[in-house]
There are 2 protein chains.
Amino acid sequence: MATIGDIGLAASINILTAFAFLLAFTILRLQPFNDRVYFPKWYLKGVRSSPTRSGTFLHKFVNLDFRSYLRFLDWMPAALKMPEPELIDHAGLDSAVYLRIYLLGLKIFVPITLLAFAVLVPVNWTNNTLELESAKSSKLEFSTIDKLSISNIPSGSNKFWAHLVMAYTFTFWTCYVLLKEYEIVASMRLHFLASVKRRPDQFTVLVRNVPPDPDESIGELVEHFFLVNHPDHYLTHQIVYDANKLANMVQKKKNMRNWLDYYQLRFERNSSTRPTCKTGFLGLCGNKVDAIEYYSSEIEKLSKDEVEELNRIKKDSKSVMPAAFVSFRTRWGAAVCAQTQQTRNPTLWLTDWSPEPRDVYWQNLAIPLVHLSVRRLIIAVAFFFLTFFFMIPIAFVQSLANIEGIEKAVPSLKPFIELKFIKSLIEGLLSGIALKIFLILLPTILMLMSKFEGHISLSSLERRAASKYYMFLLVNVFLGSIIAGTAFQQLNTFIHQSVNEFPKTIGLAIPQKATFFITYVMVDGWTGVAGEILRLKPLIIYHLKNFFFVKTEKDREEAMDPGSFEFSSSEPQIQLYFLLGLVYAVVTPFLLPYIIVFFCLAYLVFRHQIINVYNQEYESAAAFWPNVHGRIITAMIISQVVLFGLLSTKLAANSTPFLIALPVLTIWFHRFCKNRYESAFRRYPLQEAMMKDTVERTREPNLELKEYLLNSYINPVFKEVDDLVDNSVLDEEEFETVLVPTKRSSRINTPVPSKHASDFSSTSLPEVTLHDRQL
Amino acid sequence: MATIGDIGLAASINILTAFAFLLAFTILRLQPFNDRVYFPKWYLKGVRSSPTRSGTFLHKFVNLDFRSYLRFLDWMPAALKMPEPELIDHAGLDSAVYLRIYLLGLKIFVPITLLAFAVLVPVNWTNNTLELESAKSSKLEFSTIDKLSISNIPSGSNKFWAHLVMAYTFTFWTCYVLLKEYEIVASMRLHFLASVKRRPDQFTVLVRNVPPDPDESIGELVEHFFLVNHPDHYLTHQIVYDANKLANMVQKKKNMRNWLDYYQLRFERNSSTRPTCKTGFLGLCGNKVDAIEYYSSEIEKLSKDEVEELNRIKKDSKSVMPAAFVSFRTRWGAAVCAQTQQTRNPTLWLTDWSPEPRDVYWQNLAIPLVHLSVRRLIIAVAFFFLTFFFMIPIAFVQSLANIEGIEKAVPSLKPFIELKFIKSLIEGLLSGIALKIFLILLPTILMLMSKFEGHISLSSLERRAASKYYMFLLVNVFLGSIIAGTAFQQLNTFIHQSVNEFPKTIGLAIPQKATFFITYVMVDGWTGVAGEILRLKPLIIYHLKNFFFVKTEKDREEAMDPGSFEFSSSEPQIQLYFLLGLVYAVVTPFLLPYIIVFFCLAYLVFRHQIINVYNQEYESAAAFWPNVHGRIITAMIISQVVLFGLLSTKLAANSTPFLIALPVLTIWFHRFCKNRYESAFRRYPLQEAMMKDTVERTREPNLELKEYLLNSYINPVFKEVDDLVDNSVLDEEEFETVLVPTKRSSRINTPVPSKHASDFSSTSLPEVTLHDRQL
């Protein structure tokens with residue numbers, strides 16, 4: 001096992017790497033030609049424009065102002081400077097609340113660390129159990145770090161009361177912080193929703209599984225159903241079409257246009273020879289043709305096909321899905337419809353809040369509802385296999401991290417490995433990185449699985465993928481590392497020992513694994529976060545795209561588009577640190593400072609990234625918080641169970657039974673929070689709806705809501721094809737009539753609200769207490 | 001362990017007991033003076049009246065018509081004769097659906113038994129593993145029944161494929177039957193709700209946790225809130241008072257009146273001496289006074305106190321609870337309000353369907369909502385301790401059932417116990433009865449616990465108590481019997497054997513326990529059911545009451561009141577048979593016929609009881625079915641896990657892994673059913689509400705709904721005191737004004753509907769498809 005020295009070496013390597021990344025970042029970000037990679041958010045907001053307008057040619061690419069290099073750490077205070085309300089305005093509530101997860105980590109772990117170092121470390125250190133035990137038997141190995149851990153307390157000692165009291169203190173503290181945070185986030189969300197300007201999703205409900213009727217079309221059915229059952233509130237509806245084929249065409253055309261741009265740029269730069277290409281598979285085989293002509297004609301053909309397909313979709317009743325976006329006259333009507341059951345059969349006429357237009361995942365709207373239940377079963381089984389069969393390679397990698405294991409397996413390597421430096425290097429670096437490589441591919445797979453499950457909004461997809469990823473990390477990184485490692489080391493004694501020895505073995509394995517997890521925190525946490533700010537991959541991709549494809553300003557905007565931050569992969573990783581921190585808080589407090597460093601660094605980096613880089617695709621108003629909260633609760637319960645198992649092996653018969661109450665209290669706390677706050681994230685209270693409706697009616701008595709809502713939920717693919725029709729004037733008589741409504745919409749999904757509405761909403765309206773107004 | 005002979009003896013004893021009970025019943029029920037005990041339902045319906053009106057004195061008490069004794073088994077076909085729709089009319093949907101649970105048992109187990117005896121019994125019988133094993137080691141004991149069980153298959157045999165295939169077949173069959181049954185019950189419930197006549201609970205929502213306001217009373221607050229937030233639908237509301245003190249007074253007065261009646265009757269029969277009594281504790285100490293005078297004056301004093309208390313309640317704002325029954329103009333409005341969240345804070349202005357007036361548990365309405373969460377935690381912990389510390393006596397009783405154990409413990413008893421007859425008697429009878437005694441006290445405790453939890457309707461109290469009882473039976477009767485028994489027998493080898501032997505021991509214990517459970521089914525099931533029909537306890541109590549207290553016809557009605565059948569204790573017991581049947585279906589099919597006999601007998605007996613005896617207090621429209629369904633699913637999963645554990649110890653490496661899919665499929669099936677059917681039991685679809693509203697508006701355009709609803713939700717205690725005021729003409733001016741609304745109400749909680757309404761509802765209205773009506 002690793003000693004303090006090994007950890008020190010690993011730490012220095014990781015600190016150096018992280019520092020190198022940060023240094024590279026500070027230099028690269030000052031170069032004007034990288035400006036669009038490191039500050040895209042400001043370009044997209046229109047605040048910043050290319051620095052190429054002024055200065056010499058060299059100045060366009062390299063920053064020669066040496067004074068700016070002296071202030072290379074400026075980004076850190078700058079990232080912290082922006083106050084939270086401004087941050088919400090700038091980047092949305094999702095991002096602002098996401099940052100609070102890191103703050104939450106600090107709030108939980110800084111006091112816990114102080115307390116643990118003040119109480120538990122001295123209690124653990126003043127024993128010599130491990131020395132005695134290892135002198136007795138050569139089977140058990142231990143490291144210097146274990147001396148600081150609970151392993152060093154002799155069995156049956158009364159000192160375990162200290163750990164018990166600390167376990168209770170830590171639990172109560174964590175619960176307290178969680179409760180406060182849930183309260184704050186819930187009120188932030190409610191305040192955000194209350195002060196937000198008029199949005200179509202406030203009036204709209206997504207209806208799914210409209211039962212087919214031989215006599216009426218889906219549109220007529222929907223209209224009649226809601227006119228009958230919500231007579232005073234129904235306003236209008238928009239039908240959902242199965243436009244997946246059209247979406248594929250649009251995507252294909254976009255690719256072709258990229259190639260066209262590429263060849264045109266090449267021809268401009270070297271106009272002596274016209275570029276050619278092959279028409280076959282991947283451009284590797286087939287006839288050689290003039291590239292520009294070929295792609296131009298292909299694009300033209302595709303454009304015509306698109307318009308035809310659009311016509312077919314609008315005419316063919318088979319492409320109408322049994323779903324619709326139904327809009328109501330009032331927010332009250334929509335809130336009622338979204339929260340109630342419509343018919344006897346709860347699987348027909350299913351109503352739920354419609355996601356924000358930007359948030360809709362259009363492809364999945366075309367999935368019939370009957371498939372969903374089967375799809376979910378398939379994914380559940382597939383995910384189970386993915387999670388548990390993935391453990392085999394992890395266990396193998398894990399075993400490599402154990403120097404003694406390798407030496408036994410390949411004795412010839414022994415002299416080489418035994419070199420002090422090499423040994424530390426392998427242990428400190430290799431194991432963490434190997435695990436990391438496995439994990440890089442995973443989020444994409446999990447997102448695909450979630451999409452297959454058929455969720456209809458991007459935000460719910462992200463949340464589902466995050467849940468899966470968390471499960472995976474829990475089983476494979478946490479449990480997998482503990483159990484596989486133990487199995488490899490002690491497999492022999494494991495099978496043949498008697499029943500009462502069994503939990504003891506597990507109990508001893510947990511503190512032993514502290515070293516591994518410290519290394520993991522450094523590699524995955526510290527270096528990973530520093531790598532995040534460097535943005536090496538987007539940097540390279542941007543410059544490649546900029547060189548090959550970019551012709552217009554719009555192309556450049558597309559090339560620099562940073563996308564959203566990846567909630568689905570980064571949130572579960574934070575959760576792993578919460579888990580490690582809570583599990584080891586009582587067992588091996590030595591791990592806690594590493595986690596605090598991670599939370600500090602990550603908070604700083606992500607705040608910078610959210611301010612300067614990421615451009616949130618949608619706004620779910622922090623709908624993910626109940627998941628975040630629930631996972632921290634899970635981590636608490638795991639930590640309590642682990643501690644219980646550990647103490648029961650230590651013959652601490654006096655104190656162990658008192659631990660049983662902890663998980664019970666924690667679960668009760670979870671239910672309390674769920675009752676108290678979760679509905680703020682799932683439902684929309686009628687009082688709020690009525691209040692906003694009343695205020696709006698007073699301020700804008702003549703508002704034409706129907707017109708406002710008419711085109712809010714139109715598949716963006718239609719709009720794209722529609723623009724094409726506008727531009728190329730392909731219109732025919734009948735086509736014109738079909739598309740009339742669509743033409744009025746702007747390119748932006750969320751239509752710009754009327755001036756009054758935005759005025760009213762930005763001055764976050766005063767709390768109107770209803771009891772004062774006697775109607 | 002018991003042999004087939006032992007089982008045979010136990011069976012004959014139990015059959016004889018059951019037969020004796022049935023015989024006693026057939027004779028007793030024919031006696032006219034028992035008529036009110038065995039047919040109270042008909043008296044309460046007014047169809048039957050006392051047979052004392054005609055005939056000689058002797059005829060009043062004893063049935064001398066010998067022909068009627070010859071037809072003593074008539075009650076069986078009579079119980080089966082009444083068709084289900086008539087049964088629903090006669091006894092309510094709850095009772096009719098409750099009977100379906102027994103039918104469900106037959107539907108599941110008859111085909112399973114046939115299949116198991118056709119396939120598994122021959123497969124098990126044609127081996128001699130147990131003989132070989134017991135020859136090898138004297139540690140393991142087995143019985144003849146085990147030869148028919150899975151224990152008799154040699155380890156690693158390919159014959160386990162038969163058990164695997166059967167496990168799948170049984171699971172699919174059970175799921176299929178469950179699905180069909182859920183569908184039928186859901187449609188029965190919906191049809192019942194749709195065809196039921198107008199009831200106040202269709203228009204009414206219970207609002208809880210109204211936040212206090214310094215300027216307004218609760219009544220004003222409620223009115224203003226709903227006028228603002230449900231302006232088009234709010235009609236009226238009724239405030240909830242904390243009348244628990246008054247309820248205690250009323251109860252006390254009722255007791256006193258009973259004593260008064262008793263002494264008056266005594267005086268009438270023997271008018272020479274006036275009866276006296278002591279005023280102190282339980283009538284055992286204190287001054288000796290004239291009993292009739294004493295009780296008369298006490299009752300008068302109490303009556304005055306009651307009226308004062310009523311006045312105080314109506315005036316004192318502190319006795320107004322922050323809750324109200326809010327009624328709406330339409331069913332649609334009530335359905336909307338019940339299903340939506342009202343304000344930001346989800347713990348304020350909580351709305352839910354109000355229970356039927358008869359179903360309200362008034363005492364709990366006075367509990368502040370903040371206490372509920374703490375109360376539930378306390379009960380959860382208390383229930384945990386009750387469940388797990390109760391195991392100690394059970395384990396002890398269980399150990400008595402093991403003859404060999406007793407012989408080892410008290411060797412001097414050996415010669416006595418070894419007598420063939422005594423041995424069988426102890427094994428067959430004692431163990432089951434001892435367990436039964438433990439269980440008799442339990443339902444009352446669990447009901448008290450549920451009441452403490454603060455549920456506000458009798459039906460939900462019953463459901464909660466049933467859940468607790470089921471948990472208890474599962475842990476103590478099922479798991480407790482298996483594990484404690486095993487521990488006692490094999491404790492020695494248990495602790496010291498190695499890890500891989502551990503599951504084997506458990507696996508072997510399950511088939512070994514078959515004998516015990518067969519005995520249990522016979523004692524608890526057969527004899528218990530036969531005891532149920534005899535109604536020994538109500539019989540005695542009725543005659544005692546009739547002799548001592550009964551003066552008027554009303555008193556007699558109260559004395560014979562049979563109450564509802566006890567869902568909270570009988571349903572979990574049925575569930576235990578489902579569990580035993582499913583667990584042993586594959587392991588020891590020999591147990592199945594005993595369960596089928598139980599289901600047949602119980603169906604017959606309870607159908608008779610529901611038709612002739614029980615008088616349902618309230619109608620929840622089969623709201624308990626999701627619980628019944630869920631528990632059978634739990635039983636299936638337990639049976640699958642047990643089988644998995646068992647097979648894995650049998651080294652059936654080829655077939656065991658295929659069992660993993662079973663629980664996954666079962667859980668998925670459960671979720672499917674939950675999605676599809678559960679909402680029929682929890683929510684009220686808007687379409688149905690709108691339909692009934694529309695029909696009603698057309699038929700009765702001038703209906704005065706407000707008047708109809710005005711007094712529907714008034715605490716019955718108030719009505720009782722109110723009647724008192726009417727009778728004794730105690731009324732004062734101001735009291736009059738307060739009580740005006742109350743005076744109009746009849747004694748029956750559910751007011752008689754107008755003639756039109758009942759006409760319309762009884763002719764179960766034709767399905768109006770909404771799409772046909774173009775508004």
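Per chain, numbering begins at 1; letters A, B, ... match sequence-line order.
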Toward chain B, the part of I667(A) with a non-hydrogen atom under 4.5 Å: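 For I667(A), no heavy atom lies under 4.5 Å from chain B.
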Region of Y684(A) that comes under 4.5 Å of a non-hydrogen atom in chain B: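 Answer is backbone: N, CA, C or O of Y684(A) sit under 4.5 Å from chain B.
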Geometric class of the Y234(A)/F226(A) ring pair [parallel <30°, tilted 30-60°, perpendicular >60°]: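 The rings of F226(A) and Y234(A) lie parallel, inter-plane angle below 30°.
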Ring geometry between H233(A) and H233(B) (parallel below 30°, tilted from 30 to 60°, perpendicular above 60°):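 Taking H233(A) first and then H233(B), their aromatic rings sit tilted (interplane angle of 30° to 60°).
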Residues R682(A), E678(A): salt bridge by 4.0 Å N-O rule: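 Answer for the salt bridge query: yes.
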Between W625(A) and F681(A), ring centroids under 6.0 Å: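 No, the ring centres sit 6.0 Å or more apart.
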Options V336(B), T343(B), L190(B), L377(B), ranked by heavy-atom pairs under 4.5 Å with chain A, top entry: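 Option with the greatest count: L377(B).
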